[in-house]
Each structure stands twice: as structure tokens, then as C-alpha cells.
Amino acid sequence: MPTVPALRSTPAQRARSTAALAALLPALRPRATEALGRLDGEAFLARLEVGFLDLHEALVVLYAPRTDPDRLLAALVERCLAAATDRREELRLLDRRREVDPGWFQRARHCGYVAYVDRFAGTLAGVRERLDYLAELGTTYLHLMPLLKPRPGPNDGGYAVADYREVDPRLGTTADLRALATDLHGRGMSLCVDLVLNHTAREHPWAEAARAGDGRYRDYYLVFDDRSVPDAFERTLPEVFPDTAPGSFTWDDELAGWVWTTFNPWQWDLDWANPEVFAEMLQVVLDLSAQGVDVFRVDAAPFVWKRMGTDCQDQPEAHLVLQALRALVRVAAPGVLLKAEAIVPPEVLVKYLGDHDHYRPECDLAYNNQLMVQLWSSLAARDGRLITAAMSRLRPPPPQTGWVTYVRGHDDIGWAVSDADAAAVGWDGHAHRRFLIDFYSGRFPGSFARGALFQEDPASGDARISGTTASLCGLDRALELADPALVDAALRRIVLLHSVVHSYGGIPLLWTGDELAQRNDLFWATDPASDGDNRWMHRPRTDWAAAERRGDPATVEGRVFAALAGLSRARAAQLALRAGGESTPLGVDDPGVFAYRRRHQRSEPLLALVNFADGTRTVGADVLDRAGLTDPVVAHASDPHDAVPLVDGRLVLPGLGFLWLVSG
Ligand code: OTU
């Protein structure tokens with residue numbers, strides 16, 4: 001068995017870290033004061049001190065084997081001081097506000113929108129022209145998909161970065177990025193971009209140098225002369241893209257070696273055990289922060305640390321990397337956040353938010369993948385019991401942090417339903433996962449969905465699913481049959497799923513095209529950029545002609561757009577929905593219904609009821625008491641209500657309907 005370091009700070013380590021801080025400060029203080037002025041200089045030092053023990057410990061565990069961690073830390077702090085010194089006043093003002101109000105991103109008013117620059121608006125300048133559209137939708141947080149210069153040819157939607165210092169010239173320039181950030185800030189919106197830190201493109205200058213024989217850069221990657229080490233790793237390594245990119249190592253003639261490639265052969269994994277890689281990537285984050293980026297989506301966060309004999313995901317050191325990175329970024333730019341993209345089992349998800357032996361600040365936000373998967377599972381099964389069990393078991397995020405919740409994104413849906421959760425409601429996990437694959441690929445009899453299998457493993461029958469929200473919710477079939485009742489059901493499903501992500505706590509992210517119920521892009525395969533990857537079917541170009549119809553309630557677009565904008569508005573008014581609170585599933589006596597109470601320390605509770613069944617369902621009104629509501633009133637709902645729909649002591653929910661109740 002591999003030895004995994006225990007991440008429990010010892011008194012000896014604490015003493016060592018305290019001494020390191022004491023050694024660092026005397027020389028740093030006058031320099032910080034000189035560079036930043038007395039006020040900002042002291043604030044800089046205070047931020048360093050606040051996170052110092054965890055930061056220092058992380059660097060010791062990660063890098064003491066290769067370098068003097070104290071010297072490394074001093075050098076990294078220098079980079080932070082330089083970044084803080086150069087930070088523009090407009091960003092410092094934001095930093096200042098956010099330091100005073102560290103929960104700024106937890107507000108219920110926040111709603112996200114996620115899109116590709118080119119597919120949404122052509123260029124970064126084009127995005128600036130579309131901010132009114134986003135404001136109409138209630139967007140306060142814009143995540144633009146990878147926009148740095150990618151490798152030529154297939155680049156995994158920009159996740160193969162050829163230069164972190166340059167914006168993809170087809171999208172614009174660094175100045176355009178900065179101008180967009182400034183516009184967003186002017187509207188109270190923030191900007192999120194991807195930080196692809198697990199790998200670079202084979203064409204990145206570091207990789208080019210490695211290929212040219214520069215040993216320093218060869219050490220940025222994981223290169224092996226022969227198959228012996230790769231073979232040993234592969235005994236326990238799962239494949240991420242078994243269909244299109246089998247194996248995790250790629251032979252490169254120029255390197256004359258096998259290079260680690262978790263994802264595609266032209267995405268070379270960086271060696272995060274090399275302190276130079278850490279320093280380089282810190283600089284990338286500092287430079288992008290200087291352009292006005294507020295949030296970094298840390299791509300493939302669990303993969304950065306490798307350990308023989310494991311699946312090389314979610315290793316303790318991967319968390320230390322995130323903690324150290326976050327601590328340093330905060331020293332330089334305290335308004336900047338990290339958001340973890342960690343598609344890991346629900347038990348370990350909250351670790352990415354710092355839930356360890358003690359709270360160790362790590363990422364501020366993390367994708368709630370479990371909620372997303374359970375929503376689709378519930379919709380297919382027309383059953384709220386499994387989601388109730390699964391969400392009850394999910395540990396709450398630390399109060400300083402929050403989820404990002406979502407219905408759909410640019411990736412496939414992997415059926416992360418655990419056997420234990422399935423068993424808790426009397427189901428067989430394997431059979432249910434198989435049902436979901438069949439259902440969403442459309443081959444299950446009577447399925448409404450039109451998805452496609454992604455990375456199917458014919459041997460095991462395992463597969464993930466591609467497809468847009470609207471297509472997975474049955475809109476294609478409904479429109480083909482021109483059946484208004486089926487169209488209605490499909491649209492109700494779309495809104496139902498979004499109602500949950502808007503009310504479960506955290507920032508809801510709307511995936512581009514969903515606000516217009518855009519269906520699968522049938523021409524995805526004709527686009528050379530797609531490289532045979534069917535995830536492109538749910539990455540549509542914005543249909544601006546359809547968007548023009550968004551104000552017309554008689555159209556599909558009009559209905560969905562209004563409902564989703566309505567959710568954003570309704571959500572903004574509910575203190576209970578701000579992040580940092582707690583979500584508690586409440587079992588109810590109808591299996592089709594998922595009920596949960598949402599509460600924030602300073603708020604009255606909110607009770608949400610979600611009916612996944614096609615027909616009307618009722619639940620015992622005792623749930624009102626259990627949720628702690630007094631004189632309940634309807635805060636928001638799928639259907640208009642004059643009063644709380646109570647009949648004979650039971651709450652009535654229309655098919656595919658939802659209800660948000662609060663105390664009157
Ligand atoms: C991410 O996904 C991106 O979201 C993908 O679009 C990229 O292809 C990939 O990284 C490589 O950059 O395995 O199936 O736990 O699940 O990072 C997608 C996180 C993936 C991984 C996730 C990864």
C-alpha cells in the first residue's frame with residue numbers, strides 16, 4: 001500500500017511555521033510598507049499572517065523533499081508583493097470591499113451564466129455588447145469557458161492551453177479581457193475564467209522547451225524513459241476518455257519518453273511535485289487577477305498529484321496545492337476566489353471547500369456535482385426518494401464557502417449514484433445506473449430524453465451522457481410530435497430542475513442555451529474543433545433569432561427565459577438562500593416529492609417542495625411544522641397560487657411543479 005502523509009498538524013510543525021514567519025517578517029515589513037504604503041502594507045502582512053501556518057505547512061509537505069520550503073515561500077511572497085504593488089486602484093477598491101464583506105459571493109442575489117466567448121458572442125468585445133441580455137436574465141457572475149491561447153487543432157474546448165499569458169487571438173486581446181472585467185464590475189457582476197493547472201498543451205513553451213531537450217522544462221512534466229513506471233501506475237489508474245484517448249501515457253519521439261497524459265495525448269500533465277511548476281502557476285493566477293478576473297475555476301483539481309498504487313485522484317497533496325495557492329493569491333488579491341471542479345464521490349466533495357481535520361481554507365466555491373446527478377436521476381425515475389437520501393448524506397460546506405449548483409454544463413453527465421444511497425431506498429445501484437444510461441440515451445421504452453452515450457465501455461456497459469437540458473427533458477420529441485401537452489411537460493421539467501439549483505444554496509449556474517431551451521446541436525460532428533467528441537452536441541451557438549422571441553410568452557423561448565429570470569429574481573429576495581447556510585432534506589409521504597428546508601443563520605427558513613412525478617401529488621402538511629414555518633405563504637412556485645395550496649391537511653403539488661414556502 002502506498003504511504004499517504006497524515007495531514008494533521010503537529011506541535012513541532014506549528015513551531016517550525018511560527019519560526020519561519022518570525023524570520024520572514026522583519027525584512028518584509030519595511031518593503032511592504034514602502035511598496036504599498038503603511039495602511040495597505042500592514043494589510044498585506046496581516047493577510048500573510050492569517051493564513052501562514054497552513055500555507056507554510058503545505059509547502060513543507062509538498063516541497064521540502066526537493067527544496068528549502070522557507071526560501072521557496074519567501075520567493076512566492078515576493079511575487080505576491082509585486083502583484084499587490086501593481087494592482088490597479090479599481091481592483092484594490094473591490095479587494096477592500098470584499099475584505100470588509102468576505103461573504104460577498106454568498107449573497108442570494110448571485111446567479112451565474114456560463115458560455116463560450118465565440119459561441120455566445122463571437123469575441124470578448126461581443127460579450128461586452130451582450131451584458132444587457134445577461135442582466136435581463138439576472139446574471140451577476142459570468143463564467144467564460146477557456147479563453148487563453150489554445151493549441152492549434154483539437155484542443156478540448158480550450159483545455160489544452162498553449163500560452164497562459166495570451167488570450168486566444170480569435171477572441172480578442174488581454175486588453176479586451178480587462179475591458180470586459182471592468183464593464184462587469186461596473187454592473188456588480190464578476191468574472192470567472194478557467195485555470196487549467198493539471199496539464200498544458202504539448203505546444204506550450206514549457207513543453208516545447210522540454211521537447212527541445214531542456215532538462216529544466218522536462219522536469220515540469222512527468223516523463224519516463226520506458227514503460228516500467230507507466231505500466232506500474234496504470235495498474236490502478238482509471239481512464240478518463242477510454243474511447244478516444246485510452247491509457248494515461250503517450251510516447252513522444254522528441255522527448256524520447258512516455259509523458260503522462262491523463263486526458264488527451266496532447267494534454268501533458270504537469271509535475272506538481274516540482275516547486276517551479278507551483279511558482280509558474282501562481283504567477284499565471286496573479287497575472288490573470290491583474291486583468292480583473294474574480295474567480296478561477298480550477299479545472300481537474302483532484303488530478304494534480306500522483307501516487308503509485310492509487311487512482312491518482314484526490315490525493316492529500318492535491319488539497320495542499322489548492323490551499324497554498326489560495327493562501328498566496330489572497331495575500332496579493334484578497335478579492336479573488338477559487339472554485340473547485342472536482343467530480344469526486346460525495347463523501348469527499350467538501351474537502352475541496354476546506355473541510356479537513358480543521359477548516360483549512362481551500363476553494364471558496366465547488367461544483368455540487370452530486371445535486372446535478374441526483375436531479376437527472378429523479379427526473380427519469382419520477383421519484384424523490386433517492387435524492388432525499390443522497391443529499392442528506394452530503395456533508396454541508398463550511399460556512400465561509402458555498403456550492404455552485406447547476407443542471408447542465410459543458411461536460412457529460414457521469415452517473416455518480418452510490419450503491420449505498422441506492423440501497424438506502426431499496427434500489428440496486430448498478431441497475432439504477434444502467435437505467436439512467438438507457439433512459440437518457442433514449443433507448444429505454446417510453447423515454448422522453450434524446451441524449452447520446454459518451455465514452456461507452458461495451459465490456460461493462462458503462463457510459464456517460466451528452467445532450468442539452470432541453471433535449472434530455474424531452475423537448476425534441478414533443479416538438480416533433482407537435483404535442484402541446486408534451487411540450488408543456490418538457491418545459492416544466494427544465495424549469496423544475498432549475499428551481500432546485502436556484503434554491504439549494506450556493507450560486508446557481510445557468511449553462512448557455514438553457515435559457516432558450518436550445519436543443520442538441522445536430523451538426524456538432526461537422527465542426528473540426530469537435531474532434532469526434534460528442535460533448536459538442538450540448539455546446540450550442542447562441543441562437544440569437546430564438547433569443548429575440550424571449551419576450552413572447554407564446555413561444556418556447558419566451559416561457560423558459562421568463563421562468564428562469566423569474567427564479568433569479570425570486571431567489572434574490574430570500575435570505576435563506578444565501579450560501580453559508582444549510583440545506584436539509586425532509587422526507588415526505590409521497591415518493592414522487594423531494595422536500596428540503598433551506599436556512600441561513602440570520603433568516604427564517606424556506607421550504608421547497610419539488611414534484612418529479614407527472615401527475616398531481618400531495619404531501620402531509622406536517623412538513624410545514626417540520627420545516628419550522630409559521631403562517632406559511634408562497635414565495636415562488638411553478639404555477640400561480642392565491643394561497644398555500646392546502647386541501648384536507650395536505651399540500652397539493654401539480655405534476656412537475658415546485659413550491660417555495662416561507663413564514664408569513
Ligand atoms: C475537465 O473535466 C473539463 O471540464 C473537461 O471539459 C476537460 O476535458 C478535462 O477537465 C480536461 O481538461 O474528467 O470528463 O474530477 O472529472 O476535471 C471530464 C474532475 C473530466 C474531472 C474533470 C474533467
Side-chain angles (χ1 to χ4, degrees), residues 114-116 119 143-148 150-151 154-162 164 192-202 204 237-246 248 250 260-270 281 296-306 310-315 318-319 321-322 338-353 363 365-370 372-373 404 406 408-416 453-457 462-466 509 511-512 524 529-539:
V114 189
Y116 291 94
R119 293 175 168 249
H143 172 196
L144 294 175
M145 295 298 290
L147 48 73
L148 300 180
R151 75 187 291 269
N155 56 49
D156 190 18
Y159 286 104
V161 179
Y164 293 96
C192 171
V193 303
D194 278 85
L195 177 68
V196 187
L197 47 53
N198 177 68
H199 43 266
T200 74
R202 181 178 182 272
H204 190 280
L237 267 182
E239 295 177 315
V240 180
F241 300 140
D243 240 15
T244 45
S248 296
T250 302
W260 198 306
T261 54
T262 298
F263 298 94
N264 288 292
W266 26 262
Q267 285 165 308
W268 288 12
D269 288 42
L270 287 161
M281 208 48 86
F296 290 90
R297 171 191 179 275
V298 185
D299 181 57
F303 289 83
V304 298
W305 202 272
K306 326 294 187 194
T310 72
D311 62 1
C312 297
Q313 286 183 46
D314 194 46
Q315 297 301 308
H319 293 280
V321 165
L322 293 171
L338 298 187
K339 172 174 72 168
E341 189 253 343
I343 310 307
V344 292
E347 305 78 59
V348 296
L349 206 45
V350 288
K351 289 201 288 176
Y352 292 85
L353 292 170
C363 291
L365 294 164
Y367 285 84
N368 193 331
N369 174 65
Q370 186 58 200
M372 183 275 284
V373 168
V404 291
Y406 61 114
R408 239 9 233 109
H410 71 288
D411 279 330
D412 49 289
I413 306 174
W415 299 111
L453 299 173
F454 179 70
Q455 305 291 333
E456 185 187 20
D457 176 353
D462 205 19
R464 286 120 75 180
I465 290 289
S466 287
L509 300 184
W511 174 240
T512 183
W524 67 268
S530 70
D531 194 31
D533 180 337
N534 76 12
R535 291 178 296 175
W536 288 97
M537 70 196 284
H538 54 256
R539 301 169 178 179

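Remember, it's 1-based here, ligands and their atoms both numbered in the order they're listed.
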If you count the atoms of ligand 1 from 1 in the order shown, which ones are under 4.0 Å from a heavy atom of [X]?
X: P302; answer: 15 (O)
X: A300; answer: 17 (O)
X: F241; answer: 8 (O), 14 (O)
X: D412; answer: 14 (O)
X: R464; answer: 14 (O)
X: I343; answer: 15 (O), 16 (O), 19 (C)

Query raised in the report: For ligand 1, which part of H199 has a heavy atom less than 4.0 Å away: the side chain, the backbone, both, or neither?
Result: side chain

Measure the distances from the heavy atoms of [X] to every atom of ligand 1 and state whether one is below 4.0 angstrom.
X: V344; answer: no
X: G157; answer: no
X: N264; answer: no
X: Q455; answer: no
X: R535; answer: yes
X: R297; answer: yes
X: V196; answer: no

I need the nearest protein heavy-atom contact for [atom]: residue, atom name and distance, please.
atom: atom 4 (O) of ligand 1; value: D411 OD2, 2.4 Å
atom: atom 22 (C) of ligand 1; value: E341 OE2, 3.0 Å
atom: atom 10 (O) of ligand 1; value: D299 OD1, 3.1 Å
atom: atom 13 (O) of ligand 1; value: V240 CG1, 3.2 Å

Query raised in the report: Please walk me through it: do E341 and N369 pass side-chain contact (heavy atoms from CB on, under 4.5 Å)?
Result: CA-CA 9 Å; E341 189 253 343; N369 174 65; over 6 Å; no

Report task. Working to the nearest 0.5 Å, report the span between CG of L237 and CG of D311. Result ->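 Output value for this atom pair is 7.5 Å.
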
Query raised in the report: For the ring pair (Phe, Tyr, Trp, His ring centres under 6.0 Å) test, which of Y116, F454, W524 pairs with W536?
Result: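 By the ring pair (Phe, Tyr, Trp, His ring centres under 6.0 Å) criterion, W536 pairs with just one of Y116, F454, W524: Y116.
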
Report task. May I ask you to check whether T262 and Q267 show a side-chain donor-acceptor distance below 3.5 Å? Result ->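 On atom types as modelled, these side chains do not qualify, holding no pair under 3.5 Å.
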
Requested in this report: Would you kindly say whether R297 and H143 are connected by a side-chain donor-acceptor distance under 3.5 Å?
Outcome: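 Not at all, the side chains of R297 and H143 share no donor-acceptor pair under 3.5 Å.
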
Query raised in the report: Mind checking whether Y164 and H204 have ring centres under 6.0 Å apart?
Result: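 Yes; H204 has its ring centre under 6.0 Å from that of Y164.
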
Query raised in the report: What is the ring orientation for H410 with W511, classed by angle as parallel under 30°, tilted 30 to 60°, or perpendicular over 60°?
Result: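 Geometry flag for W511 against H410: tilted rings.
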
Report task. Go through the steps for H538 and D411 under the test side chain to side chain donor-acceptor pair (under 3.5 Å), then give the verdict. Result -> CA-CA 8 Å; H538 54 256; D411 279 330; over 6 Å; no

Requested in this report: Could you walk me through whether V344 and Y352 pass side-chain contact (heavy atoms from CB on, under 4.5 Å), step by step?
Outcome: CA-CA 10 Å; V344 292; Y352 292 85; 4.0 Å; yes

Requested in this report: For residues G158 and N155, report the shortest heavy-atom separation together with the two atoms involved.
Outcome: N-OD1, 2.8 Å

**Report entry** Partner residues of F296 under the ring pair (Phe, Tyr, Trp, His ring centres under 6.0 Å) criterion, sequence neighbours left out
**Finding:**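 F296 satisfies ring pair (Phe, Tyr, Trp, His ring centres under 6.0 Å) with no other residue.
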
Report summary line: Ranking F303, Y352, F263 by closest non-hydrogen atom to atom 21 (C) of ligand 1, top hit is F303

**Report entry** D156 N/O under 3.5 Å from ligand 1 N/O
**Finding:**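 Min N/O separation from ligand 1 is below 3.5 Å for D156.
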
Query raised in the report: So does D156 pair up with R535, basic N to acidic O under 4.0 Å?
Result: yes

